[in-house]
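Input: a single structure, listed below in structure tokens.
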Amino acid sequence: MNVIDMLNEKQREAALQIEGPVLILAGAGSGKTRVLTNRAAYMIQKKGINPWNIMAITFTNKAAGEMRARIDDIVGNGSESIWVSTFHSTCVRILRRYIDRLGFDTNFTIYDTDDQKTVMKEICKRLQIDTKQLSDRKLLNMISHAKDELISPTEFELNAMGDYGKKRVAEVYKEYQSVLRRSNALDFDDLIVKTVELFKQCPDVLESYQNRFLYIMVDEYQDTNTVQFELIRLLAAKNRNLCVVGDDDQSIYKFRGANIRNILDFEKIYADAKVVKLEQNYRSTQSVLDAANAVISNNRGRKDKALWTDKGLGERLHFKQFESAYDEAEFIVDDIAGKCRKGLVEYKDCAILYRTNAQARLLEEKFIIAGIPYDVVGGTNFYARREIKDLLAYLKTIDNGRDDVAVRRIVNVPKRGIGATTLNRVQEYATEHEISFYEALRQAEQISTIGRSAVKLQPFVNLIQMFRSKVPHVKLQELLNDIIEKTDYIASLEASDEEDAKSRIENIDELISKVVAYEESTEEPTLSSFLEEVALVADIDRISESDNKVLLMTLHSAKGLEFSHVYLVGMEDGLFPSYMTITAEDPMEVEEERRLCYVGITRAKEYLTLTCAKQRMIRGETQYNAVSRFVREIPTALLDAKIPVSKTRPDDIPDVTTYQEARRTFRAKPFYGETATKSAMTEDKQNGFSRGATGSRTYGSAEEAMSFAAMIRKGSEIAEKHNDGEGGLGYEVGDTVNHIKFGKGIVKGIVNGSRDYEVTVDFTNAGVKKMFANFAKLKKV
DNA sequence: CGTACTAGTCTTTTT
DNA sequence: GACTAGTACG
């Protein structure tokens, strides 16, 4: 069958335009992957274009793999020479070949977020940065954003002129880059920045790639940032055969530097661009699309488009509000269990999408109880687990001795009796002689300051040297097993009384299988390329359709996927849209969340269920949230249930459960004499009240119930005493107060915390919040 | 040098 | 609630 006949008119228009710049505005589910793959197939089959000259960039490895598989299906062989990969993998491939031109070794290592933090902490210590004011996280964020915008340390410094704070950051940025350079390491952002740098400094390299990639396609274009745009611009500059596909309504990565202007201004930059809009949706029912359209229409400054389908109206959307997140989770699990039992769906057709990773936990518990197979995507990355990082650090050390972060991580793991003081001495020596940490270890005997401890360093160096000598002769799998054995890694895990030692060992086994799988599937397996693959995988890449499991993931991870049954959970103002964006002064922030909601809704093919809870525990504190504004933006006719109108909550919901109030006071104020908090806490634990702050616990015995009641009495007595005793606050329970951000609210409780008064306020617009009096600066009105 | 405990912070999203 | 950095002690 002709590859073009499979497309609708608009899709065909997009696929046939091979030459020149093309912008495909592809609404959710409009078959953009199909257009891209058929376009590539058409180029090869009908236009006689060499696959070697085609490049396609996707967002995840999974998407890249799927695209390649689909082109394979159509074209048969030849498709393997198409360059299909992610931005990051693309850049690594280029840099492995040419980065020596920028003064790096081609076997550079890639630092993940964890490694970056380690470096940053070190720098903060050295430069005496007050991390109370500028946390390492914040600094890394600023640096990352600078890189996204292609701002070099020098430029950053220039921009900081006159601003002391910024100047400090510039210093840190500079130092951070030089530490990375010394370690022969690049962070995620550097991968792209350095490639752009390479292209700019070495026109011959750029030209060689321009001559190779005559036709370039970019998927998920709305999520590209400034550096990525620059990279593409450079590559496409000579031939101008650039086809980008995206949907401005699905731009959800602003926090990562994505620049929505890239897609909105494409026609300005490429004035001769052909623009094609794909609005026919092949995925969802009309009800789902109507809901999505209604929600997204509340955003301003978007490219006008409306999805339609010739599928029927379908079922109405389901909406349910629950008393607690606990009930919510239970309902969802029951619902899925019921449907699957009746044979209406399979587990793998169901997905639960949420705003934050933390929401997965409750659901997970319920799935375990119900015995339903599930998979949580994202959260803590497999390769970020401690035991895995340790072993990878061994591999990295063997591969690149200049990777200080890796060396320092394992030099005393498992314990070799090497302490912090010794390591600091080694570091001093390394810095002084301008050598790597590992090199300093090798010269340990010459470091006068460490004395006897040098003896302990020798075996480590010997071990690494021994492994290195083995690398050319053994398989990766053998090397890893050797490391585990010679270091007694598993043995020392078993010996430790750590609770999760067992699961850690299981993880190590999984790492071994991953190494085996890598060696089997790769033509020329090398240590460096394995480490590279590991560094660039996203959790979503691992998901395969053959697993019959319910999928749990964030809305972000869900982009590009589809399921017949979708559950959007935690639809609450304060959670989704998040509290941060509601309180932000920039309305664009809520718009980004709305796009996220749009992405979520459009994942559903037939059934969409939206749920929320009146009460939910967030970061150990119970919060009471109203139904999400996004739910209210869906026309009521599309929903099977009414949205509660109550903007202010009914009185029957306590602000804080009596139990919690008691606990709080109990913990905060000593009433057993001077031993204060400590004795109160101990008592608390003895009575079995240390777990679960919701009021749902059951009493083990009459005595326990008695002491619990006594606690409440005692607690409220104390709370009262403090309320009328202290006049410093200027307000008391029942007063109306004003908050700078949340506006007006009624004080529901004041509790004397260890260092400050903790005030609970029910705000007219923002709901119930707990805050510290000193910080909140509430004014009685 | 290593461990055990405490206090403080935190997350919204990720290649 | 969970994780981490910092501290006191053996």
Side-chain angles (χ1 to χ4, degrees), chain A residues 57-64 85-92 110-114 117 121 124-125 131-132 135-138 141 144 147-148 187-192 220 223-225 227-228 251-258 353-359 361-362 377-381 383-384 386 412 414-423 452-453 456 496-498 535-541 553-559 570 574-582 584 589 592-593 595-597 599-600 616-622 677-678 681 690-694 753-755:
Chain A
I57 294 191
T58 60
F59 217 64
T60 62
N61 296 297
K62 185 171 188 269
S85 70
T86 64
F87 271 104
H88 295 269
S89 321
T90 297
C91 291
V92 171
I110 301 166
Y111 276 0
D112 66 14
T113 333
D114 224 59
K117 257 195 181 159
K121 272 181 200 144
C124 286
K125 229 183 263 165
T131 45
K132 287 257 156 55
S135 64
D136 35 324
R137 179 86 221 105
K138 259 190 197 149
N141 257 328
S144 171
K147 289 180 181 177
D148 286 342
D187 65 22
F188 281 124
D189 303 308
D190 281 341
L191 294 176
I192 303 172
E220 306 283 13
D223 285 323
T224 52
N225 60 32
V227 216
Q228 289 165 338
S251 168
I252 55 172
Y253 282 103
K254 184 159 173 254
F255 72 94
R256 208 168 64 183
L353 311 181
Y354 36 77
R355 181 67 239 271
T356 67
N357 280 307
Q359 288 167 258
R361 182 169 257 111
L362 258 184
V377 181
T380 11
N381 189 318
Y383 294 103
R386 195 183 73 207
N412 195 33
K415 305 242 152 29
R416 297 185 177 88
I418 303 164
T421 18
T422 311
L423 295 179
R452 289 168 293 124
S453 305
K456 292 180 178 165
S496 78
D497 46 357
E498 253 187 273
L536 298 177
V537 292
D539 205 38
I540 193 79
D541 298 336
M553 68 185 102
T554 62
L555 288 152
H556 282 90
S557 300
K559 194 167 62 145
L575 184 62
F576 185 40
S578 81
Y579 167 74
M580 302 277 268
T581 54
I582 295 176
E589 304 246 334
E592 171 122 340
E593 296 267 306
R595 290 193 289 271
L596 196 51
C597 182
V599 168
R616 161 184 322 266
M617 184 98 103
I618 295 171
R619 289 220 304 281
E621 301 242 297
T622 307
T677 327
K678 200 164 188 181
M681 281 290 273
S690 56
R691 285 164 78 62
T694 39
S754 50
R755 41 178 38 204

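A note on names: the letters A, B, ... follow the listed sequences, proteins ahead of strands, and every chain is numbered from 1. Values below: every heavy atom of this structure, side chains too, minus hydrogens, waters and symmetry copies.
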- Plane angle bin for A/F255 and A/H556 - parallel if under 30°, tilted between 30 and 60°, otherwise perpendicular: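 Because their plane-to-plane angle is over 60°, the rings of A/H556 and A/F255 count as perpendicular.
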By the 4.0 Å heavy-atom rule, please label [X] as base, sugar-phosphate, or nothing.
X: A/I418; value: sugar-phosphate
X: A/N381; value: nothing
X: A/K415; value: sugar-phosphate

Could you tell me whether the phosphate oxygens of [N], OP1 or OP2, come under 4.0 Å of any side-chain nitrogen or oxygen in [X]?
X: A/R619; N: B/dT12; value: yes
X: A/T422; N: B/dC1; value: yes
X: A/S557; N: B/dT14; value: yes
X: A/N225; N: B/dT15; value: no
X: A/T60; N: B/dT15; value: no

- Item | Upstream residue (5' side of DNA chain B) when A/E592 and A/A420 are each assigned their closest nucleotide |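 The residue closer to the strand's 5' end, by nearest nucleotide, is A/A420.
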- Task: For nucleotides B/dT13 and C/dT4, find the distance between their C1' atoms and express it as a whole number of Å.
- Result: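 Pairwise C1' distance, B/dT13 against C/dT4, rounds to 22 Å.
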- Query: Got a sec, which residues hit salt bridge (Lys or Arg N to Asp or Glu O under 4.0 Å) with A/E593, two or more places apart in sequence or on another chain?
  - Reply: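 Listed in chain order: A/R355.
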- Protein-proximity profile, nucleotides 3-10 of chain C, B/S/- by nucleotide at the 4.0 Å heavy-atom cutoff, equals --S-----
- For A/F255 and B/dT12, are the ring centres under 5.5 Å apart with planes inclined under 30°?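 No, the aromatic ring of A/F255 does not stack with the base.
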